[in-house]
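Encoded as structure tokens, the structure appears first; notes follow it.
No hydrogens, no waters, no symmetry mates; every other heavy atom, side chains included, goes into these values. The sequence lines fix the lettering, A, B, ..., with proteins before strands; numbering per chain opens at 1.
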Protein chains: 2
Amino acid sequence: MSAASKPMYQQLKDLIIGRISAGELRPSDRVPSENELVEAMNVSRMTANRALRELTDEGYVRRVAGRGTFVADLRAGSHVLEVHNIADEIERRGHSHSSVVIRQSLQHARGEVAKALHIEQGSDVFHLLLVHRENGTPIQLEDRHVLAGFAPDCMEQDFTTVTPSAYLTAISPLQEAEQVVRAVMPNAAVRSHLQMRDDEPSLVVLRRTWAHGAPVTFARLHHPGSRYELAGHYTPPGTPKSATGTVVELEKLRQ
Amino acid sequence: MSAASKPMYQQLKDLIIGRISAGELRPSDRVPSENELVEAMNVSRMTANRALRELTDEGYVRRVAGRGTFVADLRAGSHVLEVHNIADEIERRGHSHSSVVIRQSLQHARGEVAKALHIEQGSDVFHLLLVHRENGTPIQLEDRHVLAGFAPDCMEQDFTTVTPSAYLTAISPLQEAEQVVRAVMPNAAVRSHLQMRDDEPSLVVLRRTWAHGAPVTFARLHHPGSRYELAGHYTPPGTPKSATGTVVELEKLRQ
DNA sequence: CTCTCAAAGTTGTATATACAGGCTAGACCA
DNA sequence: TGGTCTAGCCTGTATATACAACTTTGAGAG
């Protein structure tokens, strides 16, 4: 579990990452070429190639055929926040998730919904309104519109057992999404559903999801500001999927 | 620029992504093994290996030595939000960024700051307080504490020309970060600095940044709720760096 | 019938080799 | 002096081969 077990290409990557991290190699500096690594480290060129290629994919370096490999510009401060499905998020905290369906109806799309879904005013859409609870406490009001043609059996679903999100991703995989996060003052209806104080702001996530190249659902997710936050952990390039599972200990720091 | 020019390993990737995207291959289904691809597509095993390995890195499939390659669980709803440096963000919008330094002093770390930075109460920290403006309008109040030992020349910097973020990333590359987003009601001081209405909520980003394995700076970034939002565009796995540059057209949809 | 173990299939890594194509410096020519 | 062009280095891709390690299956021994 210690050192010698790592594969050679990984050792090469670690070596170069180490030099960059230590400041020995700075942005736009040239890093050893494949052939130089071959001679210095006594490996084959394909192994050196794999190391440098993966470092490129992970954003550490930039390669130019004919010129060489250079330290990348260290993305000037772009941090990542992962926004999870509310049910998954609650479950990951080890808490219990439940939801109450307030409305589940077929409607005609009006103004902003029609615009968001790229459909004509008056087209059929399903409207879902439900409250998600964490250990019994309201934590999210989900106000969702779904293209009627995309989910014909939407009215037959029991959304207290399967969340709309899970239902929709089961219909069609591999979707694209766009989202916006805002701080707003909720209206009385939202406040009531989420059991919020009069002067409490709300964290709102607007999310529009695509399937097969067209938007199919648009959701407004309201959260009580005093009981909800988005948390994210960012580690340098080489960590595409470890964001899940990192623990955030930044809890007691209220302004 | 059309079809035949793509390298073989990319054609293999596209072929398998196509089958997944079309629903022909569903999560946990087995995808062709390397040797099967070798025979079917008339390529060498290393080429098939590269295609499947990259699909693994990009999250499309999951591989188990001895068993095979299987379609991954299509991340059950994990969406990504990129949070950029405020100056970069403003510049990307084609607007002008300026900032006003309100405080730049050496202090002794108290309570929450000491805790966030993992240092003793009373340790030396620099305190920076500045307002960032977009086309003259206040858009962010940056309240930052920096470990004194990490940036000894912090007091000599002119933070109206180089943002604290740019200054700090120049000192040490490759850092780790943790952040939390909240909706809160700002106090009078914050409201005043950001020229906010009395009943306007604030979107707050708490960000703690590591270097060399230890936290070195802790920032509270306050934004006026009516003039600021976080936006993100999510495209399926194979898009590690294209998140920058996607246009969000979800603007006029107020709750 | 049950246990053991070997065979076959699978991924993971590593090497040697080959050719195509981009880029640059310096030799060479006019 | 000035322009051209080639030799040499670099990355990008592709192949053939080899061995290690893991998993399942089934044959064979007891």
### Task
Quick one: label B/M8 by what it contacts on the DNA or RNA (base, sugar-phosphate, nothing), any heavy atom closer than 4.0 Å.
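Sugar-phosphate only.
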### Query
How about B/Q10: does its CD atom have over 12 heavy atoms from other parts shown lying under 6.0 Å from it?
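Counting other residues, nucleotides and ligands, CD of B/Q10 exceeds 12 neighbours.
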### Task
For B/R133, enumerate each residue passing the salt bridge (charged side-chain N to carboxylate O under 4.0 Å, His left out) test, keeping only those at least two apart in sequence or located in another chain.
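Once residues adjacent in sequence are excluded, B/R133 has no partner under the salt bridge (charged side-chain N to carboxylate O under 4.0 Å, His left out) criterion.
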### Query
Can you name the residues that form a salt bridge (charged side-chain N to carboxylate O under 4.0 Å, His left out) with A/E54, not counting sequence neighbours?
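Checked A/E54 against salt bridge (charged side-chain N to carboxylate O under 4.0 Å, His left out); matches are A/K13, A/R50, B/R53.
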### Message
With the threshold set at under 4.0 Å for non-hydrogen atoms, list the residues of residues 27-36 of chain B touching DNA chain C in residue-number order.
### Response
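When residues 27-36 of chain B is checked for heavy atoms under 4.0 Å from DNA chain C, the hits, listed by number, are B/R30, B/S33, B/E34, B/E36.
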### Query
Given that A/M46 and B/L52 both sit by DNA chain C, which one's nearest nucleotide is further toward the 5' end?
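Going by which nucleotide is closer to the 5' end, it is B/L52.
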#### Entry: Outermost DNA chain D nucleotides near chain A [under 4.0 Å, heavy atoms]
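Nucleotide range with atoms under 4.0 Å of chain A: D/dC10 to D/dA14.
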### Task
Only pairs at least two apart or in different chains count here, so list each salt bridge (Lys or Arg N to Asp or Glu O under 4.0 Å) that has a residue in residues 28-39 of chain A.
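Residue pairs with at least one partner in residues 28-39 of chain A: A/R30-A/E36, A/E34-A/R45, A/E34-A/R63.
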Report the residues that fulfil side-chain hydrogen bond (donor to acceptor under 3.5 Å, both in side chains) with [X], sequence neighbours left out, ordered by chain and then residue number.
X: B/N42; answer: none
X: B/Q140; answer: B/H223
X: B/N135; answer: B/S96
X: B/S33; answer: none

Give me the distances for all protein-to-nucleotides 19-25 of chain C N/O pairs that come in under 3.5 Å?
residue : atom : partner : partner atom : Å
C/dG22  : N2   : A/G66   : O            : 3.3
C/dT24  : OP1  : A/R67   : NH1          : 3.4

### Query
Sequence neighbours excluded, which residues qualify as ring pair (Phe, Tyr, Trp, His ring centres under 6.0 Å) partners of B/F126?
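Counting only residues at least two positions away or on another chain, B/F126 forms no ring pair (Phe, Tyr, Trp, His ring centres under 6.0 Å).
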### Message
Using the ring pair (Phe, Tyr, Trp, His ring centres under 6.0 Å) criterion, which residues pair with A/Y167? Sequence neighbours excluded.
### Response
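So A/Y167 forms a ring pair (Phe, Tyr, Trp, His ring centres under 6.0 Å) with A/F159.
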### Query
Taking atom P of C/dT11 as reference, at what distance in whole Å does atom CG of B/D57 sit?
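Nearest whole value for this atom pair: 15 Å.
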